[in-house]
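Have a look at the structure below before the remarks.
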Amino acid sequence: MNNLLWLVPTLPLLGALLLGLFGAVLPAWCTALIGTASVGIAAIIASSIGIHWYGNAPASHVFVQDLWSWIDLPHLSIGLSLYLDPVSLLMMLVITTVGFLIHLFSTEYMAGDEGYSRYFVYLNLFVAAMLLLVLASDLLVMFVGWEGVGVCSYLLVGFWFHKPANGYAARKSFVVTRIADIAMLVGILLLAVKLGTLSIQPMLARAVEVWPHGDVWPSLAAGLLLIGGLGKSAQVPFQTWLPDAMAGPTPVSALIHAATMVTAGVYLIVRTHVLFLLAPDVLMAISIGAAITLLLAALAALVQSDIKRVLAYSTISQIGYMFLAVGVGAWSAAMFHFLTHAVFKALLFLSAGAIAMRLHHEQNIFKMGGLRNKIPLAFWSFLIGSASLAALPVVSAGSFSKEMILGSVWFDPTIGPLLWGAGLLGALITATYISRVVFLVFFGPVRTEVSGRYGVRIAVPLIVLAAGSMLVGWLETPGFLGGNRMVTVLLRPAVGAVGIHPAMDILADASGYIAPLLGVAIAFTLYRSGYWQRAATAQPNALRRLMHSGFGFDAVYDVILVRPFMALVRGLRNDPVDLVITGISVLAIRLHRALRRSQVGQVRRYAGWVMVGSIATVAILVFA
Amino acid sequence: MIATIQPAAPLLILALTVTILLAAIAIKRSFAGSVAITALGLIAAVASIPWAMHGNSPFMASLFSFTPDSLGFAGLTLLAALVTLVLAADYLAPGIPVPREEYPLLLLLSTLGAVALITSASFITLFLGMETMSLAMIGMIAYPRFRPGAEEAGLKYLVLSGMSSAIVLFGIGLVELATGHLQLATAVATGTVSPILLAALALIGVGAGFKLAVVPFHIWVPDVYAGAPAPTAGFVAVIPKIAVLAVIVRVMAMPGATLSPATVTAISSVAILSMLIGNLLALMQENIKRIMGYSSIAHLGYVLVALLAASAIGRAGVVFYLVTYTITVIGAFAVIGVLSRAAAARDLDQVAEFQGLFWERPFLATIMTLVLLSLAGIPPAIGFIAKMYIMAAGVNADLRILTGTLVVSSIIGLFYYLRIILVMSQKPLERAAIPGGTLAIPMTGWLAMSAVGALIVGFGIDPESLIAMLKLVFG
Amino acid sequence: MILVWLLVVPFLGGLLAWPSGRVHPVLPRVISFAALLLELGLLLPLLHGTAPASLIAPGHWLATFNAPWIPAFGISFRLDLDGLSWLLIVLTVVIGLFSVVVSWREIDENVGFFHANLMWSLAGSIGVFLALDLFLFFFFWEVMLVPMYFVIAIWGHENRRRAAIKFFLFTQGSGLLMLLSILALAFLHDQQTGTLTFDYFKLLENQPTGTFGYLIMLGFFIAFLVKLPSFPVHTWLPETHTEAPTAGSVILASILLKTAAYGLLRFAVPLFVAASHQIAPIAMGLGVISIFYGAILAYGQNDLKKLVAYSSISHMGFVLVGIYTFNAIAWQGVVILMIAHGISTGALFITVGSIQKRLHTRDLGQMGGLWTDLPRLSSFGAFFILASMGLPGLGNFVGEFLILRGAYAVAPTAAIIAAIGLIPAALYSLIAIQRAFHGEASTTRSFPDFGLRETAMMLALGAAIIALGIYPQPVLNVAAPGLANLTPTNTTAALPVMRTGT
Amino acid sequence: MNVSGFDLVFYGAASFSMVTTAVAITRSNPVYGLLNFVLSLLGMAVVFYTLGAPFAAALEVIVYAGAIMVLFLFVVMMLKLDRTTVAREASWITSAIWIVPILLGAMLGGELVDVLLQKTGPGSAHQVISPQAVGLRLFTTDLGAVELASMLLLAGLIGAYHLGRPSSEGD
Amino acid sequence: MVDLSWQVPTALASVLFIIGLLGLLARRSLVFVLMSIEIMLNAVALLFVTAGMRWGSPDGQIMFIFVINLAGAEIALGLILLLRLRTRLTTLDSDAANLLRDVQV
C-alpha cells in the first residue's frame, strides 16, 4: 500500500499538466472532473495508506520511498525521496481530503469563470507542491515544495488579474514570503555546509552529534529556518501579506490561506524539532512571538468589516496558537490544532464564499444581515465553524485542540503562565470577533438581496467539513471526556512524548472553557447595544484605525523598505554607469571637433604645423 | 655584362619602359597601348626581382644597394603600382577632357622614383628618388585638372612636399657638413655623435615623417587624399610609405645603427600622437577618402610601434604590416575607384553615399567590409594578424605605454570603420540610389578586387604562408 | 577530425545559405536548420562512456585535434572537447535551432545573408568552446562578433546602429586587452622556457606570478567581465539586447554571454591560479553588485526587452560569484545556471519578440492584460519569468543553489548577500508579469496567439528547463570531468585551482 | 682675425644676399619681390665663388638666376597683376601676420644656430673644387644619379606639360 | 682663398632657410609661396657648397646641381598650377584654395 505513496503528489501534478496542456480545449465538466478527480484519487490513496498505517505501521514508523537522485555530487547529495512518518501522514491526509473538498466546492463556485481551467491548473499544482513539501525527506526538496506553494499562492491570489489591486496583493504575498524564504535558504546553506547533508533525518542526527545544546550554530540555523516558517505562516512580522491575499477566490483562501500552506511553518518546525530543541532561545522567541501574533491578529480581526479579512486575521491568530505550542515543545498539540484548524477554517472560508456567492460577491459584513433564514446551509456551516474557532467547549473541535495547547503552555517551566494568559486572552477575543461576525451577518435585518441556490457540490463539502468541525476534536480529548489520545499516540514515534501532561489545575482548565463563552457574551451584548454597527459608521479613532490596519506594519514597511527601494529604482533607472560611457564618447567627439579645427585647408597654416613639428623634433633630438 | 646589371634589373627595366612609353606616346597616342606597355614593364620588373635577388655584382654600389630586402620592398611597390594602374585604367574612362596617356607614364616615373628611393645607398639617390616619386605624384594628383579639388590637392602637395624636401635637404646638407660623406652606411656608422648630426637626423626625420604622414606632419594628408582621384589617392597612400619605411628598416639594420633614447622618445611621441590623433580625426568624418587619410595616419603610428620594438619580431612586424596595409588600402581605394569615374566632378566619397551598398552591390560591399575589418584588425581579415604582430612586437619589447595607446586608439578606430560598414548595411535610400549604381564593374577591376578580397581573407586565415614568404625575402 | 567538422558544418551551412536566399527565401532557413541538425547528430555520439560525477578524473577529453597553424609564432590549430565544452556546444546548437525557427517569420529581408551571419556566429561560438590554443581561441572570440554585429546592425530595431556599434566597441575593445595578455603570457613563457607557444596545456605549466602575472590576468578578466557582462562594464548589453532582432537577442543572451563564463573557467582561472585567488574577493564583489544592480535596474525598466536584459546581468552576477569560489559544487552550479539561463532567457526573448511582432511595441506601459488576448503566449512568458526568477524545481534554481552552496562554504558573506539578491529578482519578475500579462486589457485587440510552431518551440524549451530542474544529474555527470580538467595536473602552485571539499 | 679683401667680398655678398632675400619676401608687388630674389641669387653666386666653387657660382647665375627665375618672372608678368591685386597683397602684409612665423622661425633658427656654434671637427679644407672635378664625378660614379635626375626632370616636365597644355574640350 | 670658418656660410644658409620658411608661413600670394620654396632650396644649395668646401670634395657641388635640378622641376610644376588656379579662382591667394578642408571658415 505504502508503495503507492508516489502517486499522491503525482496525481495532482498530472492533473495540472493535463489541464495546462489541454485545458483550453476541454469542456468545463471535463476540466472539473480532471481537477477534482486527481485530488480525489490522491485523497483515497492517502486515506488507504493512513488506514493501512493504523494497523500495520512499519516498525520504525517511517516509510521512505526513493524516487530518484536529484543532485549527486561529492559532498552534496540530494535525493528525491518521499518520507512518510506520522507527521507527514497527518499533513498528507488533511491536504488531500480538505483539498478534495475544496476542489469539489470550486467546481461550482468558479463555474462560468473564463479562467476555469487555469484555476484548476493552479489548484492542482498547489496540492502537488504542498504534498511535496510535507513528504520531502530532504530539506532542499521541501524547499522546492515550499516555493512551489508560494508561487501557486501568488498565481491564485492574483487569479482575477484584471484588477491591479489583486496583482498587487499577489505580489505582496509572494515577495513577503520570499524575503522569509531567503532566510530559510541561507539556513539550508548553513546546514548543508555545517552538517554535510540536507536529508532531514540524518541531518538532525548529525546536528545532535556535533552541536551542543544551546550552541550558536543550531540557534542560527533554527532561527533562519524559523524566519522562513514565520513568513509562510504569516506570523509577526511577516503577517501583512495574508489579509491582502484575500483578493483571491474564496476557495483558494480556504485551501491555501487557511488549511494548508500557511501552516507549513508549523510543519517545518515540527519536522526539524530536534534542531529546535538544540536552540532553546529560539523556542523561547517562538513562543513570545506567537503570543504577540495571536493577540495582535485577534485584535485586528475585531474591527474588520470584510468577512474574509476577519477570517484572515483569525488565521494568523490561530497559527499563532500553533506556534505557541511549538514554542513550548508541544508538537502534538500544534499538529492537533493544525488538524482542527484546517477543518474549521476551511469550513468558515467556504461558508463565507457560499454566502458571498449568493450576495453578488458582497463581503462587507455590515451590508449583510438576517441571512439566518435566507441561506440556512451557510448559516449552519458558518455557525459550526465559528463555534469551533471560538472553541466553544465540547461541541467544537477547536475547543479540544486549543485546550490542549493552553494546557501544554501552562506547564512551560519558564514563562508558561504568562504565555497561557496571552493565550487565554486571545481565546476570549477570538470568541468575541467571530461572534460579532455571526451576529452581524445572520441576525438582524436583511440588507442585501439574496439570489441563486446551492448545488450539491457546494453543499457536500460544507456538510462534510461541518461534521468534521464538530467531530475531529474527539480524536484527542481531555481526561474528563474520555482521555482519547489518538493524535498523540499517532505522532509519538515521530515527535516523542514531550508536551503531554496528565492534568491541569481545575481553575486553569476551567478558565479555558469559560473564556470563549465570555467572549460570545461580550459580542452579543455589544451587538444588542448596536455598538458594532455604530463603530463601523463612526469616524474611527486612532486606536481603531491602528487595529484596522493590522497595527500599522504596512506603513512602517512602506517607509523603511518600499520607498527606499523605489527611490533606488528611480535613481538608477537610466543606468548611471552608462553615463560614464557616454561621457567617454562625448569626450572623444569633443576631441575630434577640436582636432578637426586644424584642418582649415590653408596651405600656409599647414606649413606652420610642419614647422612646429620640425622645431619639436629638433628640440627632442638635439636638446633632450 | 648581364651579370653586372643583374641586381639592378627592376630599376633598369622601369627606366627602359619609361623610354619606350615616351617613344610610344610620341609616335601614336593610345591609352590602351600606354597601359599595356606600362603593365608589361611593371610585370617584367616584378618578374625580374627573383632573378635580381640572385645577382651579386656590386652594381653602382655607391649609389644603390640591391639587397634582397630592398628588392622585396621594390616588388611590393611594383605590385601596388600594377594594381593602381589596372584600377586607373578603368577609372580614366574615355570622355574626360584631357588626354589619358600621360597617367601611366607618371605612374611609371613615380614608381621608378620609389624603387630608386628604396634601393638607395647614398643620400644623392635617396633624395633624387624621393623627389622623382613626389613630383610625378603631383602630376598624378592633379591629373583630372578639370576638377577643382584635384588641382588644389596638387598645389598643396607641391608646396608642402617642396617644403619638406627643403628640410630633408637641409638635413642631408648638415650630414655632409659634419661627415663629408653622402653614403647612408657611412653616416649611420658615424653615429649621432655631434649635435649637427642630431639636428640632421631630426630634419631628415621630419621629411620621413612627412612622407609617412605621421603626426605632426600629417596635416596635408586628408586634403590631398580627398582631392586626388581615387587610384592616385591609393597610390599616394601606399607607395611613399613603403619606400620610406623600406629605407628606415634597411638603415636600422646597418652596422652602428642604434636608437638613442632621444630618438626613441621622439618616435614614441610621434607614434602615440599619430595613433590617437589619426583615429580621433577620423571619428566623425563624412568623407571616406579623408577617413582613409586619417586612418593611414593612425596605421603608420602602429607601424612605428613595431619599429620601436627594434627586434626581429618588430622588423617582421613592420614588413607584415606594410604588406597588409598595402593590400588593404589599395582595396579601399579600389572600391571607391570602381564606383567613381574621372569624368565626374568628384569621386563617390561621402559616407552617406555608401548607404545601401550591401543591398545594391553586395560584391563591392563585401570587399569594402573585408577591407574595413582588416583595417580595424578583426579576424578573419589579414589586418587582425598584422595588428597581432604589432602588439606582439610591442609586448615582447615591453613597450607598455605604446601598446596601451595602440589598444585605446584601436578602439576609437573601430568606431568609424564600423560606421561605414553600418551605413553600407542600411537599406538604400529611396531616391538617392547609389550614384555609381549604373557603373558596370569591368573585368579587370573585378579581378583586382577579388584578388584583394582573397588576399585579405586568405592571408588572414593562413598567415603562415605570407610569413614564410616574407621571411624568405626579408630574413 | 570530428572537431573540425563541428566547425565546418555550420560555416558551410552559412556559406550555402547566403546565395540560396536568392533562389527562394525558405532555402536558407531549411539549410541552416539542416546544418544544425547535422551538427547535433555529430555531437551526440561523442558522449559515451562518461562516468558519474562522483568519479572525477581529470584528463578526460572526448576528442582532440591538433595541427600547426602559424608555426612562426608557435600557434597551432588545437581543438579539444571535454564535457564542459560539449554541454555548451550542445546548448549553442540547440539555441541555434530555435533561433532559426524563431526567425522563420520574423526575418523577411535578405534572408540568405541573415542566416549566413547566424550560422557563422554559431560557428564562432563553437570555435570558442573548442579552441585550446590561446590565439585560436582569441581568433574565434573575435570571429563570432562580426556576424553578430551584422545581425544587429541590419535586422535590428530602431536604434540598431548605436547599439551595434556599442556592442562591438565594448567587446572588441576589451578583446584587445585580452590579446595583449595572451601575447604577454606567451612571451613570458618564451622567456622562461625558450619556446614560443600559445598552447593552453603548455602555458598551464608556467603560471605567471607577482604583479605582472596579476596584470596579465586582468587582461583576461576584464575581457570576460565585459562579455559576461558584469557591473560596471555591462552597459552595452541592455541596449544591444533591446535593439537586436529576436534571434540576435537569443543568441546573445543564450550563447555569447556564456562564452565569457566559459572563458573565465577555462582560461582566466586555471592559467593564473594565484592571481585569480588574489582577485577573487573583487570578482565576487562585482558579481554581487551585478546581482543587485541588474535586478534593481530591471525593475525600473519600461521596455520589456531591456528588463530581460538587465535580469541577465543579475543572473550572470551569480555566475561570476560561483566561478570565483573555486569550489567544485559552485562550478557545477555555474554550468547548470549557464544552460538554464540560456534556455529561460532565450525563451523570454522569444516571447518578447512575439509580443513585439503582434503589438509593435516593447513598452510595458502599452501592454497589460495580454493574458486575456494571448493566454498561451502569456502563460509561457510567465512560466519562463518564474523560471528565471529561480523557482525551485526549475533549472535556474538548481544552478543558483549549487552556486550559493559552493559559495557559502568559501565565502559565507558573499553567499548570503547573493542569496538576498533573489528578493529583487522576485520583484522585477513579478512586476514584469503584472505589467505585461496581468491587468486590464487596455484596448480591444485581437492578435493571433502562439501558433503550432511557436507553441512547440516553447514546450520544448519549457520541458528542457523542467528536466534540468528536476533531474540535472546527467548534466552534472557530463560536466564533472570537464570541470576536473580545469585543474592543472602538474602545477606547483600552492593554491588549489578548485576546492572539491565542503 | 686677419681680414683679407676676399673676406670683405664674402661678407659683403652675404649681407647683400641676406638683405635682398629679406626684402624679396616682404614686397607686396611680386615683380619687385622676384627681382630682389634674383639680386640675392647674384650675391649668392659671389658667395659661392669666394667659397671656392666657381662651377656652382656659374650655374647659380646662368641656370638659377638666368633661367629658372627669369622664367618665374615672365610668368608673373604674364599674370598682368593690376594695382588692386598689389594693393590687396599689401593689405595682407600686416605686422600681425609676421608674428607667428617670426616666432617659429626664431625658434628653428635658434636651434640650428645653436647646433652650428658647437664647434666640432676640423675646419675648412680651403681649396677650390674645379668644375673638372665635379664633372668627372658626375660622369663616373654618379652617372646613375644623373640618370635619375633626368627622370626627375622628366617627371616635372610631363606633369607640367599635362597640366599646362590647352584642354581638348575646354575644362 | 679666404680664411673662412665653415660656420659662417652655414649660418648664412640657416638664416636664408629661415627667411624662406617665414615667407612660406606668412605670405598668402602663391607667387611668394613658390619663391619662398626657392629661397629655401637656395639656402640648401649654399649649405651643400659649404660642406663641399669644408671637406674639399666635389659632392657639395654635385648636390648643388641636383638641387637646382629639383628647383627647376618644381618651379615649372608650381607655376603651371599657379596659372591654373589663378584662372579658376581669379586670385593668387593661397588661402582661397581651401575647397578641401574639414572645418567651415
Side-chain angles (χ1 to χ4, degrees), chain A residues 24 71 73-74 76 161 164 182 563-624, chain B residues 152 155-160 162-164 167 170-171 192 194-207 209-210 214-223 226 260-270 273 276-285 290 293-294 411-412 415-416:
Chain A
I71 296 169
L73 289 173
L76 182 72
F161 55 74
I182 295 306
R563 283 192 205 167
F565 178 78
M566 290 313 291
L568 203 59
V569 167
R570 270 194 302 277
L572 295 179
R573 177 171 283 159
N574 293 323
D575 206 347
V577 180
D578 200 35
L579 291 181
V580 178
I581 307 300
T582 316
I584 292 173
S585 62
V586 168
L587 177 73
I589 290 171
R590 288 258 167 86
L591 279 172
H592 164 77
R593 295 228 175 91
L595 287 170
R596 201 178 172 140
R597 291 219 182 101
S598 64
Q599 298 289 340
V600 289
Q602 294 171 347
V603 76
R604 63 193 172 98
R605 307 228 162 141
Y606 287 5
W609 280 111
V610 175
M611 185 143 172
V612 169
S614 316
I615 293 170
T617 315
V618 173
I620 292 177
L621 282 191
V622 180
F623 301 102
Chain B
E152 189 187 316
L155 185 80
K156 278 180 180 169
Y157 190 70
L158 175 99
V159 171
L160 294 170
M163 179 186 178
S164 94
I167 292 175
F170 203 93
T192 49
S194 66
I196 293 189
L197 274 174
L198 280 174
L201 177 65
L203 292 178
I204 295 171
V206 169
F210 183 86
V214 284
V215 177
F217 316 109
H218 65 287
I219 199 107
W220 57 277
V221 168
D223 290 7
S260 69
T263 322
V264 170
T265 315
I267 301 181
S268 302
S269 338
V270 166
L273 287 175
L276 286 177
I277 292 183
N279 279 322
L280 277 173
L281 271 169
L283 202 60
M284 307 298 286
Q285 184 52 248
R290 293 188 88 90
Y294 291 130
I411 298 171
I412 304 173
F415 175 81
Y416 58 85

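Letters go in sequence order (proteins before strands), and every chain restarts at 1. As the structure is a prediction and not an experimental result, all values here were calculated from the model. Note that these values count all heavy atoms, side chains included, but never hydrogens, waters or copies made by symmetry.
B/Y294 places a side-chain heavy atom less than 4.5 Å from the side chain of A/Q599. For the pair A/Y606 and B/V159, the minimum side-chain heavy-atom distance is 4.5 Å or more. Considering only heavy atoms from C-beta on, A/S614 comes within 4.5 Å of B/I167 through its side chain.
With rounding to the nearest 0.5 angstrom, the CZ atom of A/R605 is 11.0 Å from the CD1 atom of B/I219. Rounding to the nearest 0.5 angstrom, the gap separating the CD1 atom in A/I620 from the CG atom in B/L198 is 12.5 Å. Residue B/I204 holds its CD1 atom at 11.0 Å from CG of A/L621, rounded to the nearest 0.5 Å. Separation of atoms CZ (A/R596) and CG (B/L281) is listed at 8.5 Å; rounding is to 0.5 Å. Of the inter-residue distances, the one linking A/L591 atom CG with B/N279 atom CG reads 12.5 Å to the nearest 0.5 angstrom.
Around the CZ atom of A/R593, the shell of radius 6.0 Å holds no more than 12 heavy atoms that belong to other residues, nucleotides or ligands.
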Review point. Can you check side chain to side chain contact (heavy atoms under 4.5 Å, CB included) on A/M611 and B/M163, steps first, answer last?
Key: CA-CA 9 Å; A/M611 185 143 172; B/M163 179 186 178; 4.2 Å; yes
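Closest approach of B/P216 and A/G613 over heavy atoms only: CG-CA, 3.4 Å.
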